[in-house]
There are 2 protein chains.
Amino acid sequence: MSRRPTIMDVAAAAGVSVATVSKAVNGRYGVASETVDRVLAVVADLGYESSLIASSMRSRRTGVIGVLVADFEPFSAEILKGVGQALSDSRYDLLAYAGSRGAAEGWERRSLSRLSGTLIDGAIMVTPTVVNVGTEVPVVAIDPHTGPADLPTVESDSYGGALQATRHLIELGHSRIGFIAGRRDLRSSIARDAGYRRALADAGISVDPGLVGSGSYRQDAVRVAALEMLRRTDRPTAIFAANDISALEIVKVAGELGLDVPGHLSIIGFDDVPEAAKATPALSTVRQPMQTLGAEAARLLLTLMQGEVPPSTHIALPTRLVPRDTTAPPA
Amino acid sequence: MSRRPTIMDVAAAAGVSVATVSKAVNGRYGVASETVDRVLAVVADLGYESSLIASSMRSRRTGVIGVLVADFEPFSAEILKGVGQALSDSRYDLLAYAGSRGAAEGWERRSLSRLSGTLIDGAIMVTPTVVNVGTEVPVVAIDPHTGPADLPTVESDSYGGALQATRHLIELGHSRIGFIAGRRDLRSSIARDAGYRRALADAGISVDPGLVGSGSYRQDAVRVAALEMLRRTDRPTAIFAANDISALEIVKVAGELGLDVPGHLSIIGFDDVPEAAKATPALSTVRQPMQTLGAEAARLLLTLMQGEVPPSTHIALPTRLVPRDTTAPPA
DNA sequence: ATGAAAGCGCTAACAA
DNA sequence: TTGTTAGCGCTTTCAT
């Protein structure tokens with residue numbers, strides 16, 4: 001735990017000024033090559049690395065791209081993998097920041113404001129809801145807020161996916177189909193709700209308000225909503241949950257209620273996070289290409305950072321039905 | 001893309017000095033409560049957030065824990081989820097940094113040196129190989145280097161896991177069993193190699209050097225080694241790969257060679273990353289509890305950061321055999 | 001209770 | 001070619 005060497009230590013050891021060290025390290029012109037050699041030798045000897053913080057304070061460019069998330073959960077982890085792959089042979093370092101500790105609401109603005117213009121040259125925000133703050137760097141949103149904020153966006157076809165999920169249940173023969181909604185402030189949540197309703201309408205099934213619950217993508221809220229829905233005497237025979245985490249929680253609740261899945265109750269989720277396939281029984285779901293989402297966002301951001309105009313500033317990716325073991329015809 | 005407000009903007013708008021703003025924002029004593037109110041009103045109005053960088057430069061404490069990785073690949077992504085969960089109700093923000101762009105070798109030292117003592121209050125390093133640099137903050141290593149560096153460590157029982165994998169193949173009836181090793185600079189890789197040899201020895205099978213290849217966990221190296229091994233006239237009937245990514249690559253190579261898996265060739269990996277279960281055919285493997293690894297590392301780090309002495313500074317977690325569809329008795 | 005000023009490690013003008 | 005110096009935005013003594 002000794003102190004890391006600073007540029008001053010290097011300068012002292014090499015017998016030059018800090019300015020010269022800076023120039024040598026960053027390959028600027030105007031330094032005698034033998035001086036450069038001497039400085040670099042000292043650098044290697046001391047194991048000096050410039051402080052990202054200090055240099056970014058001064059120079060405003062860091063070679064770092066930030067991915068801002070509320071939390072490192074399965075969804076954002078997949079995004080991260082995709083971003084990492086897309087950037088793997090760029091010259092950028094990647095920094096992922098989860099800054100929702102404590103406050104919860106408004107992490108997007110807080111994180112962006114704390115990092116932008118200083119630590120990162122560009123940002124990808126995952127499911128942001130509030131981004132009306134001034135930014136000094138280009139920003140791309142993945143699966144964003146349903147607001148007027150007009151950030152360049154990458155998302156998947158939530159409406160179509162919800163259509164596929166609900167139709168799948170209908171085709172299996174279900175007609176009492178519940179829906180546990182997600183965060184209503186996300187554009188994608190609204191679209192999944194709309195897809196659900198549309199599929200029912202197409203099949204001539206009217207929406208029973210008692211079969212629509214709000215889960216906000218939070219396990220505790222999902223639990224409450226699912227419990228209420230499943231304790232009804234006219235409970236649904238199938239439920240579409242707005243994401244996998246919610247669906248998995250419903251599977252759990254069903255189990256506690258003594259309901260067999262998919263015997264008594266079919267459940268389908270959305271996302272296809274790794275946990276969905278691994279669950280027992282394996283969760284039926286609608287796959288959205290999370291890694292591709294991340295990769296596309298990275299590419300879009302890179303274009304923006306180069307000051308170029310991207311061919312499209314709003315990318316939508318297709319979804320795919322993945323039936324597994326939690327959906328079956330009603331008993 | 002307007003400029004973010006700084007503490008100076010707040011000070012000017014509130015008609016006070018920057019020192020007062022700083023005190024008000026950070027809840028220091030010695031500020032009239034009405035002044036505090038006025039300052040906070042301006043803060044809210046302007047949407048001011050202190051720059052993480054600037055404050056960390058001065059104060060040396062940031063409330064941020066760093067996870068340093070070479071890359072965001074499946075293994076480190078799982079670790080990240082575990083760390084995130086363990087820290088979800090701590091007061092710390094989480095920052096993950098992938099800093100191996102370009103340089104490759106020595107990312108650990110570089111990342112640590114660039115961030116420590118300034119941006120982060122503590123660090124978790126994932127599969128680090130070189131950490132002989134001075135750090136100003138506590139560091140915990142996950143699955144580290146095989147060196148004298150004596151960092152607090154969390155890892156899984158690679159030796160036992162390799163034993164399980166190899167025995168599984170032996171029990172299926174295989175005797176020509178190949179091994180594609182991982183990065184030889186990781187302690188865990190050495191242990192997997194040892195476990196492989198031990199299991200063979202226990203079964204009275206001698207190690208054929210032609211059946212041991214080096215993959216370094218890199219797809220291109222794995223491909224070369226697998227190609228060479230599988231083109232032999234006395235090729236193995238089963239291969240144990242030191243991690244899943246390697247195993248998956250071998251499956252691919254086998255396919256290109258017209259070898260049926262597991263008909264002509266059984267393959268087993270190590271890790272059980274999400275991709276293993278999703279592959280076709282689903283990959284047999286040895287599961288190491290990656291999220292738990294991350295969570296334990298986080299807990300250990302927290303203890304260290306509080307200046308306490310942890311009960312143990314070296315944690316080893318058990319592994320579990322997960323037979324799936326790429327292993328079968330030899331034809 | 002408030003403010004002036006120093007300084008964290010670094011880079012970029014500008015001088016020498 | 002090299003060094004001196006002024007900040008970047010913030011926190012923290014130390015005066016006032």
Side-chain angles (χ1 to χ4, degrees), chain A residues 3-39 42-43 46-64 113-121 134 136-137, chain B residues 3-39 42-43 46-64 113-121 134 136-137:
Chain A
R3 218 176 55 79
R4 65 177 279 280
T6 72
I7 198 171
M8 272 100 88
D9 299 323
V10 176
V16 296
S17 72
V18 295
T20 302
V21 174
S22 176
K23 286 173 196 156
V25 167
N26 296 298
R28 298 276 179 276
Y29 290 111
V31 186
S33 68
E34 56 184 42
T35 306
V36 171
D37 293 345
R38 186 154 39 96
V39 170
V42 173
V43 164
L46 263 45
Y48 167 77
E49 291 288 346
S50 74
S51 160
L52 178 58
I53 283 71
S55 28
S56 84
M57 255 201 99
R58 204 51 252 257
S59 67
R60 255 80 233 296
R61 290 207 67 264
T62 57
V64 177
S113 190
R114 295 194 84 190
L115 302 182
S116 103
T118 30
L119 226 206
I120 55 181
D121 294 345
E136 302 180 67
V137 297
Chain B
R3 219 176 57 78
R4 65 177 278 279
T6 72
I7 198 173
M8 273 101 89
D9 299 322
V10 176
V16 297
S17 72
V18 294
T20 301
V21 174
S22 176
K23 286 173 196 156
V25 167
N26 295 300
R28 298 277 178 276
Y29 290 110
V31 186
S33 68
E34 54 184 41
T35 307
V36 172
D37 292 346
R38 187 153 39 95
V39 169
V42 173
V43 164
L46 263 44
Y48 168 77
E49 291 288 348
S50 74
S51 160
L52 178 58
I53 282 70
S55 27
S56 83
M57 258 201 95
R58 211 34 261 253
S59 66
R60 254 80 231 294
R61 290 206 69 266
T62 56
V64 177
S113 189
R114 295 195 83 188
L115 302 183
S116 102
T118 31
L119 226 205
I120 56 181
D121 294 345
E136 301 179 65
V137 299

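Letters A, B, ... are given to chains in the order of the sequence lines, protein chains preceding strands, and every chain is numbered from 1.
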Peer 1: Atom CZ of A:R58 and atom P of D:dC10: how far apart are they, to the nearest Å?
Peer 2: 15 Å

Peer 1: So, is A:S17 near the phosphate of D:dT2, with a side-chain N or O under 4.0 Å from OP1 or OP2?
Peer 2: no

Peer 1: Drop me the distance from A:I7's CD1 to A:L46's CG, to the nearest 0.5 angstrom.
Peer 2: 12.5 Å

Peer 1: Check the distance between C:dA6's P and B:M57's CE and give it to me in whole angstrom.
Peer 2: 17 Å

Peer 1: Return no unless some side-chain N or O of A:R4 is found under 4.0 Å from OP1 or OP2 of C:dC10.
Peer 2: yes

Peer 1: In whole Å, I'd like the distance from the CG atom of B:L52 to the P atom of D:dT11.
Peer 2: 11 Å

Peer 1: Measure the distance from NZ on A:K23 to C1' on D:dT2 and round it to the nearest whole Å.
Peer 2: 6 Å

Peer 1: Does A:S22 use its side chain to pair, donor to acceptor, with the backbone of A:V18 at less than 3.5 Å?
Peer 2: no

Peer 1: Would you say A:Y29 reaches D:dT2's phosphate, i.e. side-chain N/O to OP1/OP2 under 4.0 Å?
Peer 2: no

Peer 1: Side-chain N or O of A:S59 less than 4.0 angstrom from OP1 or OP2 on C:dT11?
Peer 2: no

Peer 1: Counting only side-chain N and O atoms of B:R28, is one of them less than 4.0 Å from OP1 or OP2 of D:dT12?
Peer 2: yes

Peer 1: From C-beta outward on A:A19, which listed nucleotide comes closest to its side chain: D:dT12, C:dA1, D:dG3?
Peer 2: D:dG3

Peer 1: Is any side-chain heavy atom of A:S50 closer than 4.5 Å to a side-chain heavy atom of B:R114?
Peer 2: yes

Peer 1: Taking side chain as C-beta onward, heavy atoms only, is B:L119 less than 4.5 Å from A:L119?
Peer 2: yes

Peer 1: Out of D:dT1, D:dT11, D:dG9, which has the shortest distance to the side chain of B:S51?
Peer 2: D:dG9

Peer 1: Rounded to the nearest angstrom, tell me the gap between atom CZ in B:R38 and atom C1' in C:dA1.
Peer 2: 12 Å

Peer 1: Whole angstrom is fine here: how far is it from OH in A:Y48 over to C1' in C:dT11?
Peer 2: 10 Å

Peer 1: Quick check: on DNA chain D, is the nucleotide nearest A:A54 upstream (toward 5') of the one nearest A:A32, or the reverse? Name the residue that is more 5'.
Peer 2: A:A32

Peer 1: Side-chain N or O of A:T35 less than 4.0 angstrom from OP1 or OP2 on D:dT2?
Peer 2: yes

Peer 1: Would you confirm whether A:R38, through its side chain, and A:A14, through its main-chain N or O, come within 3.5 Å as a donor-acceptor pair?
Peer 2: yes

Peer 1: Find the distance A:L119:CG to C:dG9:C1' and express it as a whole number of Å.
Peer 2: 14 Å

Peer 1: Using a cut-off of strictly less than 4.0 Å, decide whether B:T20 has a side-chain nitrogen or oxygen near OP1 or OP2 of C:dG3.
Peer 2: yes

Peer 1: Provide, to the nearest angstrom, the distance between the CD atom belonging to A:E49 and the P atom belonging to C:dT11.
Peer 2: 12 Å

